[in-house]
Protein chains: 2
Amino acid sequence: MFKELNPLLHSELRLAVMSVLLSVESADFVFLREQTGATAGNLSVQIDKLQKAGYITVEKGFKGKMPRTTCAITQEGVSAFEEYVAALRSYIGKGL
Amino acid sequence: MFKELNPLLHSELRLAVMSVLLSVESADFVFLREQTGATAGNLSVQIDKLQKAGYITVEKGFKGKMPRTTCAITQEGVSAFEEYVAALRSYIGKGL
DNA sequence: TAAAGTAGTTTATAATATAAACCAAATTTT
DNA sequence: AAAATTTGGTTTATATTATAAACTACTTTA
């Protein structure tokens, strides 16, 4: 009847992060913070979870002298997102 | 950019309950439990939250001698659900 | 060099979801 | 008819989660 909603994606901020990353090659921490409107602390935690799940890659480098964290979605992440959307459909119908 | 996801609806079980109630005139506790696969305890709690939010009505009566709880979605509940779906679209695109 | 800003992380707290335990009445079994 | 089981739930305890606040480390500006 209802498909299970991947709890890692069924989170407002993590879903927003994934949504942004789906539409760009890569995005840095600041960009993600701006796009999602999240606090840095919350974003930091959620990025970590997505990375540990293998849904995104996280690279820490420097832009000049300032730290810069760059994120990108993985193929696994894309698949998980697609499955999540498919599962949602079982709750919502094609009406979405 | 991203619309807020009503936290009352952004819950797997509550969303499932709302989804069932959208498709029927009314449904009793047992039917909802069967359709959602939830435990009775969890369902009881989530029904309570939906009722307190004004998204469903809950009537407690008897079927013969056995207690029977009947739920139905309210107009407010329908609207909230529709808004939730619209908000989801901002995360998911029309792809849903 | 002091103050303020940047880019984050860690930690504490509050809210949530969930199942386990429980309850009362009805039904079934022995 | 007593005991055991089932039904239809509710309450409570626990574990997880989301979130912001506080903090760290470094850089830029005044």
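Numbers restart at 1 for each chain; the letters A, B, ... are given by sequence-line order, proteins then strands. Hydrogens, waters and symmetry mates are skipped; everything else that's a heavy atom, side chains included, is used.
- Residue-level contact check: Val30(B) touches the backbone only, with heavy atoms under 4.0 Å from sugar-phosphate atoms and none from bases.
- For the pair Thr69(B) and dG9(D), the criterion of a side-chain N or O lying under 4.0 Å from OP1 or OP2 is met.
- Dashed line: the shortest gap from a side-chain N or O of Thr39(A) to OP1 or OP2 of dA20(D) is under 4.0 Å.
- Here Lys63(A) lies out of heavy-atom contact (under 4.0 Å) with every strand.
- Going from atom CZ of Arg33(B) over to atom C1' of dT10(D) covers 13 Å, rounded to whole Å.
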The contact string for nucleotides 23-30 of chain D, one letter per nucleotide 5' to 3', using protein heavy atoms under 4.0 Å with B, S and - for base, sugar-phosphate only and none, comes out as ----SS--
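- Between the CD atom of Glu4(A) and the C1' atom of dA17(C) there is a distance of 13 Å, given to the nearest Å.
- Taking atom CG of Asp48(B) as the reference point, atom C1' of dT11(D) lies 11 Å away to the nearest angstrom.
- OP1 or OP2 of dA17(C) sits under 4.0 Å from a side-chain N or O of Arg14(B).
- Without hydrogens or angle criteria, Thr69(B) side chain to Asp28(B) main chain gives no donor-acceptor distance under 3.5 Å.
- Per the geometry, CD belonging to Glu34(B) stands 14 Å off C1' belonging to dG9(D), to the nearest Å.
- Formation of a donor-acceptor pair under 3.5 Å by the Ser79(A) side chain with backbone atoms of Gln75(A) is found in this model.
- A distance-only check finds no donor-acceptor pair linking the side chain of Ser11(A) to the backbone of Leu8(A) [under 3.5 Å].
- Across the protein-nucleic acid pair, Glu59(A) atom CD and dG8(C) atom P stand 13 Å apart, rounded to whole Å.
- At least one side-chain heavy atom of Lys49(B) sits less than 4.5 Å from a side-chain heavy atom of Val45(B).
- The separation between Leu32(B) atom CG and dG8(D) atom P is 13 Å, rounded to whole Å.
- Atom CG in Asn42(B) sits roughly 11 Å away from atom P in dA20(C) (whole-Å rounding).
- DNA chain D is contacted by both His10(A) and Lys60(B); Lys60(B) maps to the nucleotide lying nearer its 5′ end (nearest heavy atom per residue).
- Between the side chain of Tyr91(B) and the main chain of Lys3(B), a donor-acceptor pair closer than 3.5 Å is present.
- Comparing dT10(D), dA20(D), dG8(C) by their nearest atom to the side chain of Phe29(A) picks out dG8(C).
- Residues Leu50(A) and Leu9(A) are in side-chain contact: their nearest non-hydrogen atoms beyond the backbone lie under 4.5 Å apart.
- The shortest side-chain heavy-atom distance between Leu21(A) and Leu32(A) falls under the 4.5 Å cut-off.
- Comparing Leu8(A) and Ala40(A) along DNA chain D, the residue whose closest nucleotide (by nearest heavy atom) sits nearer the 5' end is Leu8(A).
- What separates CZ of Phe62(B) from C1' of dA26(C) is a distance of 11 Å, to the nearest Å.
- Within the nucleic acid shown, Gln46(B) comes within 4.0 Å of at least one base atom, counting heavy atoms only.
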